[in-house]
Amino acid sequence: MVGASMSEPVDPPLPELSFEEQFAAARAFAMRSLARRESAESELANRLRKQGFDETVVEAVLDYCRGHRWVDDERYGAMAVRAGAAKGHGPIKIRFDLRRKGLDDGQIEAAFEQPELDWFELAAELLQRRARVADLADFKLRMKWLKNLLRRGFNQEQARYAIAQMQEQEE
């Protein structure tokens, strides 16, 4: 190896993969990825692109996954709404996250059509877990808790309802 020049390739170049080989590799990657956690179509597509698969392979894999119901944006949206509510996030934050994940407005609205979720009660439960009733007697602390609920993605009406519910318990 002493006489070998530095410009010679050490390994021969890899042959170009056929569409079928790329599709099989991309499908296997998608299966592994979806086995770990549910994903939106756009998330899966982005992961496939980052792996270096071209657009035709990405679209073919997405079609395959849709056909086998491995990826479904409506199911993903409903799951994300329930998970966000369980974490104490409000509807505004959850909508923003779903839009960022690539769901359209119709899919987002369908995801929020879950009768078991009462955002007013969720805000009240969150406040009851975190705040003390005595905190709400002080205006500054009451505003702090109001801002906290707003930051978590609840709207003004829901946050004010939660504070009113907690103040009623004091009386």
Side-chain angles (χ1 to χ4, degrees), residues 6-127 129-130 146-159 161-162:
M6 297 299 277
S7 63
E8 289 181 39
V10 177
D11 292 326
L14 294 173
E16 190 66 33
L17 295 175
S18 69
F19 176 81
E20 290 78 21
E21 292 168 326
Q22 286 184 36
F23 177 76
R27 186 180 63 211
F29 175 81
M31 288 171 62
R32 285 190 309 275
S33 180
L34 292 170
R36 283 192 288 276
R37 72 177 186 89
E38 184 94 19
S39 297
E41 281 185 34
S42 63
E43 284 181 297
L44 182 60
N46 288 337
R47 276 190 237 127
L48 288 166
R49 286 184 197 105
K50 281 184 182 178
Q51 289 294 312
F53 296 108
D54 65 10
E55 203 58 38
T56 57
V57 173
V58 170
E59 284 303 316
V61 169
L62 286 177
D63 288 341
Y64 182 85
C65 291
R66 269 187 238 113
H68 285 81
R69 303 232 344 117
W70 292 349
V71 67
D72 181 356
D73 279 349
E74 288 184 16
R75 182 181 67 219
Y76 174 78
M79 181 271 314
V81 169
R82 287 190 303 275
K87 290 178 187 175
H89 297 163
I92 296 170
K93 178 176 179 23
I94 296 170
R95 279 179 200 279
F96 176 79
D97 290 342
L98 290 175
R99 196 163 284 122
R100 212 180 66 215
K101 301 276 179 151
L103 274 69
D104 63 32
D105 290 337
Q107 292 168 327
I108 292 171
E109 289 306 316
F112 273 90
E113 291 175 3
Q114 298 183 38
E116 69 272 9
L117 292 177
D118 182 355
W119 297 104
F120 290 93
E121 288 303 319
L122 288 170
E125 289 170 14
L126 179 66
L127 189 62
R129 282 196 310 264
R130 304 256 169 115
L146 179 75
K147 288 177 186 176
N148 182 280
L149 289 170
L150 294 174
R151 268 193 311 274
R152 294 191 69 83
F154 292 97
N155 65 31
Q156 275 286 343
E157 192 178 351
Q158 294 159 347
Y161 172 84

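This is a predicted model, so every value here is computed, not measured. We count residues from 1, following the sequence as given. What you see below is based on every heavy atom in this structure, not just the backbone, and it leaves out hydrogens, waters and symmetry mates.
Using modelled atom types, one side-chain atom of Asp73 and one backbone atom of Glu41 make a donor-acceptor pair closer than 3.5 Å. Side chain of Arg49 to backbone of Val58: no donor-acceptor contact under 3.5 angstrom is found. A side-chain donor-acceptor contact under 3.5 Å links Glu21 to the backbone of Ser18. Side-chain atoms of Gln114 come within 3.5 Å of backbone atoms of Ala78 as a donor-acceptor pair (strictly under, hydrogens ignored).
Partners of Gln22 according to the side-chain hydrogen bond (donor to acceptor under 3.5 Å, both in side chains) rule, which considers only residues two or more places apart in sequence or in another chain, do not exist here. Judged as a side-chain hydrogen bond (donor to acceptor under 3.5 Å, both in side chains), and not counting sequence neighbours, Glu59 has no contacts. The salt bridge (charged side-chain N to carboxylate O under 4.0 Å, His left out) test applied to Glu38 returns Arg75, not counting sequence neighbours. Residues passing the side-chain hydrogen bond (donor to acceptor under 3.5 Å, both in side chains) test with Asp118: none are found, sequence neighbours excluded. Looking at residues two or more places apart in sequence or on another chain, you find no side-chain hydrogen bond (donor to acceptor under 3.5 Å, both in side chains) involving Arg151. The side-chain contact (heavy atoms from CB on, under 4.5 Å) test applied to Ala162 returns Ala123, Ala124, Leu127, Leu149, not counting sequence neighbours.
By the 4.5 Å heavy-atom criterion applied to side chains, Leu150 and Gln156 are counted as neighbours. For the pair Trp119/Ile94, a side-chain contact is recorded, criterion being any heavy-atom separation below 4.5 Å from C-beta on. Side-chain contact between Tyr64 and Phe23 is present, with at least one heavy-atom pair separated by less than 4.5 Å. Inter-residue side-chain proximity for Asn155 and Gln158 is flagged as met; some heavy-atom pair is nearer than 4.5 Å. A 4.5 Å side-chain heavy-atom check between Leu34 and Ser39 finds at least one atom pair inside the cut-off.
Listed here is the closest heavy atom pair of Gly88 and Phe154: O-CE1, 3.6 Å. Taking both residues in full, the closest heavy atoms of Arg99 and Ile108 are given as N-CD1, 3.8 Å, listed atom of the first, atom of the second, then distance. In terms of heavy-atom proximity, Gln107 sits nearest to Leu103 at OE1-CA, 3.4 Å. The minimum heavy-atom distance between Ala26 and Leu48, with the atom names listed, is O-CD2, 3.6 Å. Between Val71 and Ala40, the closest heavy-atom pair is CG2-C, 4.1 Å. The minimum heavy-atom distance between Ala111 and Gly77, with the atom names listed, is CB-C, 3.4 Å.
Within a 6.0 Å sphere centred on CZ of Phe19, heavy atoms belonging to other residues, nucleotides or ligands number more than 12. Heavy-atom neighbours of Arg37 CZ from other residues, nucleotides or ligands within 6.0 Å: above the threshold of 12.
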Item to complete: Show your reasoning for whether side chain to side chain contact (heavy atoms under 4.5 Å, CB included) applies to Asp72 and Arg66.
Response: CA-CA 7 Å; Asp72 181 356; Arg66 269 187 238 113; over 6 Å; no

Check step by step if side chain to side chain contact (heavy atoms under 4.5 Å, CB included) holds for Arg47 and Phe29. CA-CA 9 Å; Arg47 276 190 237 127; Phe29 175 81; 3.9 Å; yes

Exercise for review: Let me see the working for Leu98 and Val81 under side chain to side chain contact (heavy atoms under 4.5 Å, CB included), right down to the final yes or no.
Suggested key: CA-CA 9 Å; Leu98 290 175; Val81 169; 4.0 Å; yes

**Request:** Kindly determine whether Arg130 and Glu125 satisfy salt bridge (Lys or Arg N to Asp or Glu O under 4.0 Å), including the steps that lead there.
**Result:** CA-CA 9 Å; Arg130 304 256 169 115; Glu125 289 170 14; over 6 Å; no

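Glu43 pairs in a salt bridge (Lys or Arg N to Asp or Glu O under 4.0 Å) with only one of the listed residues (Arg100, Lys50, Lys101), which is Lys101.
Relative ring orientation between Trp70 and His68 is described as tilted, the plane-to-plane angle lying within the 30° to 60° band.
To the nearest 0.5 Å, atom CG of residue Leu122 and atom NE2 of residue His89 are 12.0 Å apart.
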